[in-house]
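Notes follow the structure.
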Amino acid sequence: MTAELVRGQNHPLSQARLEIRVSAGKPIVAVATLSDEHGKVHGVEWVAHPGTPTLPGLEVSRQAAADHRLAVDLGAMPEAVHRVSVLLALPSGAGGPVRFGAVAAPFVAVTGLDGTEIASYTITGLEAESAVVALELYRRQGAWKVRAVGQGYTGGLAELLADQGLPQAHQLAGGINEAVAQGLARSVQAPRTPDGDRSRQAAAPALGPDQTGSPYSAQGAPEPRQGYPSGQADPAAVTQPSAPGSDGPIDYSHPRRQNAAPPPPPPTAPPAQPGQPARPVAGDATGWSMEERLYNQVWGMFEDLARTMAAYRSAVDFADSRMEKELDQVLSDPRSRIGGQGDAARESARDKYTQLVDQARSALDRDLAQLTAEAEVVEPALPAAFARWDNPAWHAYRVPMEIPMALRLGDLHLPECAQLRIPMLVRLPLERGLWIDSGRAGSLDGAFTDSHDLRLLAMETAVAHAARLLAVYPAGEFTVHVIDPAGSGAQALAPLVQTGVLAAPPAIGAAGVSDVLARLTQRVDLVQMAVRAGAADSLPPGLDTSEQLLIVNDFPHGFDDRAVTQLRYLADEGPAVGVHLMMVADREEAAAYGPLLDPLWRSLMRLTPVPDDHLADPWVGHAWTYEPCLVPHGSQVLQQVLTQVAIARTKQR
């Protein structure tokens with residue numbers, strides 16, 4: 001998984017041969033310096049720059065450019081080199097911007113030679129600076145790590161090089177600028193998109209994304225939340241990390257804003273007390289409607305919490321490494337190792353650690369209080385599609401006339417603030433199927449030791465998700481099929497069966513499985529052919545053109561190779577033509593059937609019927625605990641909603 005670093009955070013490097021990719025939106029200069037274990041650059045021969053682009057184990061670009069690729073071979077570094085610093089600077093005298101505050105926040109990524117991203121860092125907070133130490137690769141106890149630095153210099157490259165101990169800093173900076181000017185005179189910059197290389201791959205959904213896999217239709221990402229750097233790329237993706245033996249990443253991206261006209265103004269917040277933060281208001285994000293503003297506000301809260309927690313964890317990590325370094329220095333000197341001097345040094349190091357952690361915790365508590373206050377006003381204002389089942393919005397439910405932009409599949413939270421829940425929204429229509437994991441591995445607290453109870457809960461979770469999908473679509477525009485080969489899901493499926501919202505009774509036995517799969521694969525084939533031929537009006541008159549959902553229970557029991565192949569086909573090709581899968585199965589148990597099923601699992605988004613920390617955010621890669629939206633015990637809201645859906649379907653026919 002990619003580590004998205006914040007300032008001061010480090011990450012281990014497992015490869016020696018690397019690329020460092022830089023994107024800035026405007027031409028900048030990339031320089032790299034080598035230094036010894038004390039951080040000293042011994043001379044100009046330890047600096048790689050456009051005039052001298054190659055050093056042992058290191059190569060930089062020969063000119064200023066909006067995008068750079070620096071080649072690094074840590075195995076070829078001289079023994080005396082303990083640190084490689086990557087420096088970025090705006091070229092002087094080129095008619096371009098003179099400070100980083102006027103350009104998009106530079107983005108730096110460390111990748112393997114195959115392009116796999118290891119760590120990345122968006123350099124925010126720069127204003128009047130014209131040069132910056134972006135990141136550094138350094139040796140520690142025989143291993144290499146990367147650290148995000150982000151230290152800017154208003155005096156430009158000359159001041160930066162002088163700070164690194166080079167006596168000839170001004171002459172070297174002048175020579176670099178001259179080499180850059182000559183390179184610019186010979187080159188013509190190719191046009192590039194605003195996001196450039198910083199755009200993230202959108203593959204699937206999870207938090208309210210743009211469903212390209214669920215939130216993934218790469219319409220893009222919403223505009224940055226107020227208070228965030230306006231030039232910063234917004235990866236907008238929720239990731240499902242790979243588990244041993246399979247499941248690939250699932251990413252979800254935000255929808256991009258349209259630019260045809262300004263969105264309606266958000267509500268005005270009540271005045272705050274002097275010295276206090278503004279009181280939050282539901283719907284204060286940008287958007288064309290209240291639904292869209294609430295959707296973007298939820299995403300903003302998600303990003304705020306991710307970055308706030310990253311800053312706290314980074315500060316604690318820094319305090320810990322600083323105390324470790326200071327204690328190492330005390331222990332390395334025999335004169336201070338014992339006695340009063342050593343005790344005083346240890347006590348001082350621990351006091352500094354406590355002070356730094358307390359400061360970080362204070363900032364975290366402040367941000368959490370603001371986000372909690374925001375959640376308290378946003379949650380009650382959410383429309384039914386975004387709301388939990390216990391929200392009064394469901395008791396005022398009416399079958400909608402149009403499809404909402406997103407659907408809530410659960411909540412996410414972090415261990416440091418378990419009481420603060422962020423709604424997990426996925427864009428509609430779904431662009432990736434769902435896999436409800438009925439295995440015991442999904443229980444964080446191990447409370448479910450009975451596999452029967454967990455399977456029942458998994459089916460109840462699937463029914464709750466299916467009911468929500470039926471409820472948010474207009475009458476007749478969403479159809480649900482069920483395959484239950486052994487009939488083991490009858491108890492959980494009762495609300496769907498009794499209200500009559502299913503297209504047909506649950507299919508049982510080999511014949512039932514074969515019939516449902518044959519009809520749905522035929523539907524996919526027909527729609528695909530019609531779309532490719534540009535003749536959508538030539539579809540058979542009896543074909544159901546509504547969105548289709550197939551719930552599959554107890555997979556892979558009762559499924560032969562042909563059925564498995566058909567399910568894989570539906571998972572891969574179905575979403576594009578309105579056919580979606582919802583599998584209910586134990587992933588570990590199914591692993592016994594061999595690698596044949598791996599492509600199927602990788603094409604679905606994993607959800608669990610119990611709390612589990614299997615999802616990661618796209619900004620810093622936190623492990624978020626997911627909890628499904630289940631109907632409260634004893635509540636009749638599900639039956640009430642499905643009854644209205646069934647009545648509307650009958651009238652629509």
Side-chain angles (χ1 to χ4, degrees), residues 204 211 213-214 403 407 428-436 459 462-463 465-470 473-487 489 493 496-497 500-533 535-536 538-585 590 596-597 599-605 645 649 653:
Q211 292 264 194
S214 188
I403 304 172
L407 184 81
L428 292 177
L430 293 175
E431 293 190 12
R432 177 159 302 195
L434 305 177
W435 159 38
I436 314 300
M459 273 303 297
V463 169
H465 292 328
R468 185 177 287 260
L469 283 163
L470 281 164
Y473 273 79
E477 293 191 18
F478 198 87
T479 303
V480 177
H481 309 266
V482 176
I483 290 179
D484 187 20
L493 290 167
L496 298 177
V497 174
V501 294
L502 294 179
I508 59 175
V513 171
S514 177
D515 178 61
V516 173
L517 291 179
R519 284 189 284 110
L520 288 177
T521 52
Q522 182 184 42
R523 182 192 184 280
V524 171
D525 289 339
L526 290 172
V527 176
Q528 278 188 337
M529 288 188 291
V531 170
R532 290 168 182 167
S538 66
L539 289 169
L543 184 73
D544 184 0
T545 57
S546 65
E547 296 279 313
Q548 309 281 308
L549 175 69
L550 173 59
I551 303 175
V552 179
N553 185 32
D554 271 352
F555 181 83
H557 302 295
F559 292 81
D560 56 20
D561 290 347
R562 176 180 173 81
V564 171
T565 301
Q566 289 175 315
L567 284 171
R568 287 177 54 181
Y569 177 70
L570 293 177
D572 293 338
E573 304 294 336
V577 292
V579 178
H580 314 284
L581 275 182
M582 184 184 293
M583 312 288 293
V584 182
L596 177 67
L597 300 182
L600 177 59
W601 301 123
R602 286 196 296 268
S603 65
L604 305 175
M605 183 178 75
V645 171
R649 286 164 60 97
R653 291 171 186 165

Mind checking what makes side chain to side chain donor-acceptor pair (under 3.5 Å) contact with [X], not counting sequence neighbours?
X      : result
Asp484 : Asn553
His465 : none
Ser546 : Thr479, Asp544, Gln548

Quick one: does [X]'s side chain get under 4.5 Å of [Y]'s, heavy atoms only?
X      : Y      : result
Phe478 : Pro429 : no
Phe559 : Val552 : yes
Val480 : Val501 : no
Leu502 : Val497 : yes
Leu469 : Leu428 : yes
Leu470 : Leu549 : no

Measure the [atom1]-[atom2] distance between [X] and [Y] for me, rounded to the nearest 0.5 Å.
X      : Y      : atom1 : atom2 : result
Gln566 : Leu520 : CD    : CG    : 9.5 Å
Leu581 : Leu434 : CG    : CG    : 9.5 Å
Arg432 : Arg602 : CZ    : CZ    : 11.0 Å

- Message: With a sphere of 6.0 Å drawn around CD1 of Ile508, does it hold more than 12 non-hydrogen atoms of other residues, nucleotides or ligands?
- Response: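 Result for CD1/Ile508: open.
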
Where do [X] and [Y] come nearest, in terms of heavy atoms and distance?
X      : Y      : result
Trp601 : Ala585 : CH2-CB, 3.8 Å
Ala466 : Met582 : N-CE, 4.1 Å
Gly476 : Arg649 : N-CG, 4.0 Å
Arg568 : Leu600 : CG-CB, 3.8 Å

- Step by step, work out the side chain to side chain contact (heavy atoms under 4.5 Å, CB included) result for Phe555 and Val564. CA-CA 9 Å; Phe555 181 83; Val564 171; 4.1 Å; yes

- Task: Name all pairs fulfilling the salt bridge (charged side-chain N to carboxylate O under 4.0 Å, His left out) condition that reach into residues 512-531, sequence neighbours left out, sorted by first residue then second.
- Result: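 Sorted result for residues 512-531: Asp515-Arg519.
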
- Item | Partner residues of Arg562 under the salt bridge (charged side-chain N to carboxylate O under 4.0 Å, His left out) criterion, sequence neighbours left out |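 Listed in chain order: nothing, the list is empty.
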
- Those residues that, when tested against Tyr569, pass ring-ring contact (aromatic ring centres under 6.0 Å, His included) (two or more places apart):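 Partners of Tyr569 under the ring-ring contact (aromatic ring centres under 6.0 Å, His included) test: none.
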
- Query: Just by distance, do the side chain of Thr521 and the backbone of Leu517 share a donor-acceptor pair under 3.5 Å?
  - Reply: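 Such a contact is found between Thr521 side chain and Leu517 backbone.
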
